[in-house]
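We count ligands from 1, going down the list as the structure has it; atoms in each ligand are counted the same way.
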Amino acid sequence: MLLLSMLLSNQTGKSSEVILKDVDSLLYVDTDVLFLRPVDDIWKLLRQFNSTQLAAMAPEHEIPKIGWYSRFARHPFYGSAGVNSGVMLMNLTRIRSTQFKNSMISTGLAWEDMLYPLYQKYKNAITWGDQDLLNIIFYFNPECLYVFPCQWNYRPDHCMYGSNCREAEREGVSVLHGNRGVYHDEKQPTFKALYEAIRDFPFQDNLFQSMYYPLQLKFLETVHTLCGRIPQVFLKQIEKTMKRAYEKHVIIHVGPNQMH
Ligand SMILES: *[C@@H]1O[C@H](CO)[C@@H](O)[C@H](O)[C@H]1NC(C)=O
Ligand SMILES: *[C@@H]1O[C@H](CO)[C@@H](O)[C@H](O)[C@H]1NC(C)=O
């Protein structure tokens, strides 16, 4: 219940006091998340919210037929396959001022007055903790959610049965989410290779030599897996970041006059 304890002083549940009172917005990420492009790029999505949206997440699955919620959930969930809370933008100013529709009383409830009763009502039916509660909340308040594409929360589910995240095929993975421990076991070697390449990269060092090149070599050993068959999807944003770093440090510093 990371989220509950983060947004509430979650002692007894009876008195739920709001914390982070002066924070306008935040980006919540699980500990198994890696950014393959600048954090500012996801932060910009907050500005794209329409007037009723106050949080943003990616779908839990792209194909409802094989998604977890659509097959197993015993509680309401958002959309056709639910949402994943591993990467989430929240506009707390809006969350604090909104009355949320719910399945307990016919009037709306403030976020902090709703969470604990909602948890009590559904606790025997929920499996994934706070993520299930968020799915219940946005089931009743769909107009409050901005759904961003899967490239912002890319998980093994997006390639282990074949590639099913179109946006990542086009744009590359922006935020990698190695859930179910895949950075530390042998189940998804592509995810593990990326984790190790970033872990071993000496920051400030040459991106091409010390990250991109070793990563490409490691990827050669993963081609026998379904995720390993699409290395471009994992490399595209790193390539863009390298290009940007190069332009910033080389071209700008050399200046136009010395280019001929
Ligand atoms: C969050 O919502 C409030 C109220 O609508 C708005 O003033 C603020 O600019 C929003 N924050 C961001 C980062 O968009
Ligand atoms: C904002 O977008 C959501 C999701 O598309 C939608 O349900 C909601 O009606 C929109 N709100 C407004 C005020 O247009």
* Structure fact -> Under 4.0 Å from one or more heavy atoms of S25, ligand 1 contributes atoms 11 (N), 12 (C), 13 (C)
* Which atoms from ligand 1 have a heavy atom of N91 less than 4.0 Å away? -> 1 (C), 2 (O), 3 (C), 8 (C), 10 (C), 11 (N), 12 (C)
* Asked: So, S103 versus Y139: side-chain donor-acceptor pair below 3.5 Å or not?
  -> no
* Asked: Is the closest side-chain donor-acceptor distance between Y69 and N135 under 3.5 Å?
  -> yes
* Asked: Polar-atom distance check: R94 versus ligand 1, any N or O pair below 3.5 Å?
  -> yes
* Y78: what forms a side chain to side chain donor-acceptor pair (under 3.5 Å) with it, not counting sequence neighbours? -> none
* Between the side chains of S163 and E169, does any donor sit under 3.5 Å from an acceptor? -> yes
* Any N/O pair T93/ligand 1 closer than 3.5 Å -> no
* To do: For this output row, return yes or no: ring centroids of Y195 and H184 closer than 6.0 angstrom.
  => yes
* Please lay out, stage by stage, how K192 and V182 fare under the test side chain to side chain contact (heavy atoms under 4.5 Å, CB included). => CA-CA 6 Å; K192 190 181 187 197; V182 293; over 6 Å; no
* Asked: Aromatic ring centroids of F234 and F191 under 6.0 Å?
  -> yes
* Select all protein residues for which some heavy-atom-to-ligand 2 distance is less than 4.0 Å, and list them by chain and number. => N50, S51, T52, Q53, E143
* Asked: In terms of hydrophobic clustering (I, L, V, M, F, W, Y; side-chain heavy atoms under 4.5 Å; direct or indirect links), are M57 and F140 co-clustered?
  -> yes
* Structure fact -> The answer for which part of L54 has a heavy atom under 4.0 Å from ligand 1 is neither
